[in-house]
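What follows is a single structure, written as structure tokens, with notes after it.
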2 protein chains.
Amino acid sequence: MSRARLKRRPVDIAPVFAALGDRVRLSLLSRLKDGKPQSIVQLAEGFELTRQGVSKHLRVLEQVGVVTSERVGRESQFLLDPSRIHDARSYLDRVSEQWDDALMRLKMHVER
Amino acid sequence: MSRARLKRRPVDIAPVFAALGDRVRLSLLSRLKDGKPQSIVQLAEGFELTRQGVSKHLRVLEQVGVVTSERVGRESQFLLDPSRIHDARSYLDRVSEQWDDALMRLKMHVER
DNA sequence: TCGAATAGCAACCGGGAGGTTGCGTAATGG
DNA sequence: CCATTACGCAACCTCCCGGTTGCTATTCGA
């Protein structure tokens, strides 16, 4: 069970967080997490934004790999890709974990 | 002990992700996750930034509640607060979870 | 076939983010 | 006591982000 577990440097994960740091983009993700691919106009309805505005946001999400798009016919179908989200989650996991470990050690008076 | 478990709307968690979406700030968090409070000059060394630059980043992190600061003597001690990080993590958890559920339902042909 | 739908591209704009410099102030310690 | 340290505040600058408008290209469908 050699889990290679290759380490991702923080410099790589920052853009993912940046992409998630916008309420419009989070809402778009929320609309995509049901697994159904949707077009831009579908994703745009309900927002007080132009189609191009939504399109820009989708391209930001796509650039960091959180969503993927495929041109089918005259419309672009967008789909969520959870792998980067999983990366971000496990990064936060590691931070919390190390924090907990540090607290534990402090409480046990193991250091200093 | 009625744990109200009040639900955080996505609109609230976006600023946390935005604060995490910067490599400098992620590095600062990485320096703070050992549980030891550190001053600004301590946190600033190693960066190719001014002290004020680092100070601005720290204030961004503090504003969203990821770190806390306390003035002790002539220096400000910064400490990590993992609660917001935990919030962000569980938000991503929910996204992944709903994605997995949706995939499962699709695979079982329960819908469509 | 031809109008409507869907989307991409480019230009433009205002505001805020990231960063610096300069200065003032409180605490430290020799 | 006084130079030094650590910090905050404010002004300033540049650049990118979020958003719009206008135009063009492609595809659908009646």
Side-chain angles (χ1 to χ4, degrees), chain A residues 10-32 36-80 84 88, chain B residues 10-32 36-80 84 88:
Chain A
V11 66
D12 292 322
I13 202 70
V16 178
F17 284 127
L20 296 177
D22 184 287
R23 50 193 170 79
V24 174
R25 289 196 286 267
L26 281 188
S27 299
L28 288 172
L29 280 193
S30 185
R31 290 201 182 186
L32 283 170
K36 300 201 189 81
Q38 298 187 45
S39 70
I40 294 183
V41 281
Q42 283 179 316
L43 289 168
E45 52 191 35
F47 288 104
E48 294 178 350
L49 273 188
T50 324
R51 171 187 60 84
Q52 286 86 341
V54 175
S55 183
K56 274 195 175 183
H57 280 297
L58 287 170
R59 213 168 308 152
V60 171
L61 290 173
E62 187 177 16
Q63 203 134 22
V64 299
V66 174
V67 304
T68 60
S69 75
E70 183 192 9
R71 189 74 185 249
V72 39
R74 66 178 158 186
E75 57 187 21
S76 289
Q77 302 280 3
F78 282 83
L79 198 65
L80 192 142
R84 289 311 168 93
Chain B
V11 67
D12 293 323
I13 202 69
V16 178
F17 284 126
L20 296 178
D22 183 288
R23 50 193 169 80
V24 175
R25 290 196 285 268
L26 281 189
S27 299
L28 287 172
L29 280 193
S30 185
R31 290 199 182 188
L32 283 171
K36 301 199 188 81
Q38 298 188 45
S39 70
I40 294 183
V41 281
Q42 284 179 317
L43 290 168
E45 52 190 36
F47 287 105
E48 294 178 351
L49 272 188
T50 324
R51 170 186 61 86
Q52 286 86 341
V54 175
S55 183
K56 273 195 176 183
H57 280 297
L58 286 170
R59 214 168 308 153
V60 171
L61 290 173
E62 187 177 16
Q63 203 134 23
V64 299
V66 174
V67 304
T68 59
S69 75
E70 181 192 9
R71 190 73 185 250
V72 39
R74 65 179 159 186
E75 57 187 20
S76 289
Q77 302 280 3
F78 281 84
L79 197 65
L80 192 143
R84 289 310 169 95

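In this text the structure is predicted, and so the values were computed from the model without any measurement. Letters go in sequence order (proteins before strands), and every chain restarts at 1.
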Considering only [options], which nucleotide approaches the side chain of [X] most closely?
X	options	answer
His57(A)	dG8(D), dG18(D), dT20(C)	dG18(D)
Arg74(B)	dT20(D), dT5(D), dT21(C)	dT5(D)
Ser55(B)	dT20(D), dG8(D), dT20(C)	dG8(D)
Glu75(A)	dC7(D), dG19(C), dA7(C)	dA7(C)
Val41(B)	dT20(C), dT20(D), dC7(D)	dC7(D)
Arg71(A)	dT5(D), dT20(C), dA7(C)	dA7(C)
Gln52(A)	dT21(C), dC23(D), dT6(C)	dC23(D)

Between [X] ([atom1]) and [N] ([atom2]), how many Å, whole number?
X	N	atom1	atom2	value
Arg23(A)	dG19(D)	CZ	C1'	12 Å
Ile40(B)	dG8(D)	CD1	C1'	9 Å
Asp22(B)	dG16(C)	CG	P	19 Å
Gln77(A)	dT6(C)	CD	P	11 Å
Arg25(A)	dC17(D)	CZ	C1'	8 Å
Leu43(A)	dG8(C)	CG	P	12 Å
Leu58(A)	dG19(D)	CG	C1'	14 Å
Lys56(A)	dT20(D)	NZ	C1'	8 Å

Please check this pair: side chain of Gln38(A) against backbone of Arg31(A), looking for a donor-acceptor N/O pair closer than 3.5 Å. yes
Any donor-acceptor pair under 3.5 Å from Ser27(B) side chain to Arg23(B) backbone: yes
Between Val72(A) and Gly21(A), just flag the one whose closest nucleotide in DNA chain D comes earlier from the 5' side. Gly21(A)
On DNA chain D, nearest-nucleotide positions of Gln42(B) versus Ala18(A): which is more 5'? Gln42(B)
Would you classify Gly53(A) as touching base, sugar-phosphate or nothing, given that sugar-phosphate means primed atoms plus P, OP1 and OP2, and contacts are heavy atoms under 4.0 Å? base
Which heavy-atom pair separates Ser55(B) from Ile40(B) by the least distance, and what is that distance? OG-CD1, 3.8 Å
Check Ser39(A) against Gln77(A) and note the closest heavy-atom contact, atom names and distance. N-OE1, 3.9 Å
May I have the step-by-step check of side chain to side chain contact (heavy atoms under 4.5 Å, CB included) for Val66(A) and Val60(A), ending in yes or no? CA-CA 9 Å; Val66(A) 174; Val60(A) 171; over 6 Å; no
Gap between atom CG of Leu49(A) and atom CG of Leu28(A) - 0.5 Å precision: 8.5 Å
Phosphate OP1/OP2 of [N]: any [X] side-chain N/O under 4.0 Å:
X	N	result
Ser39(B)	dA6(D)	no
Arg51(B)	dT21(C)	no
Ser76(B)	dG8(D)	yes

Between the side-chain atoms of Arg59(A) and the base atoms of dG8(C), is any donor-acceptor pair under 3.5 Å? no
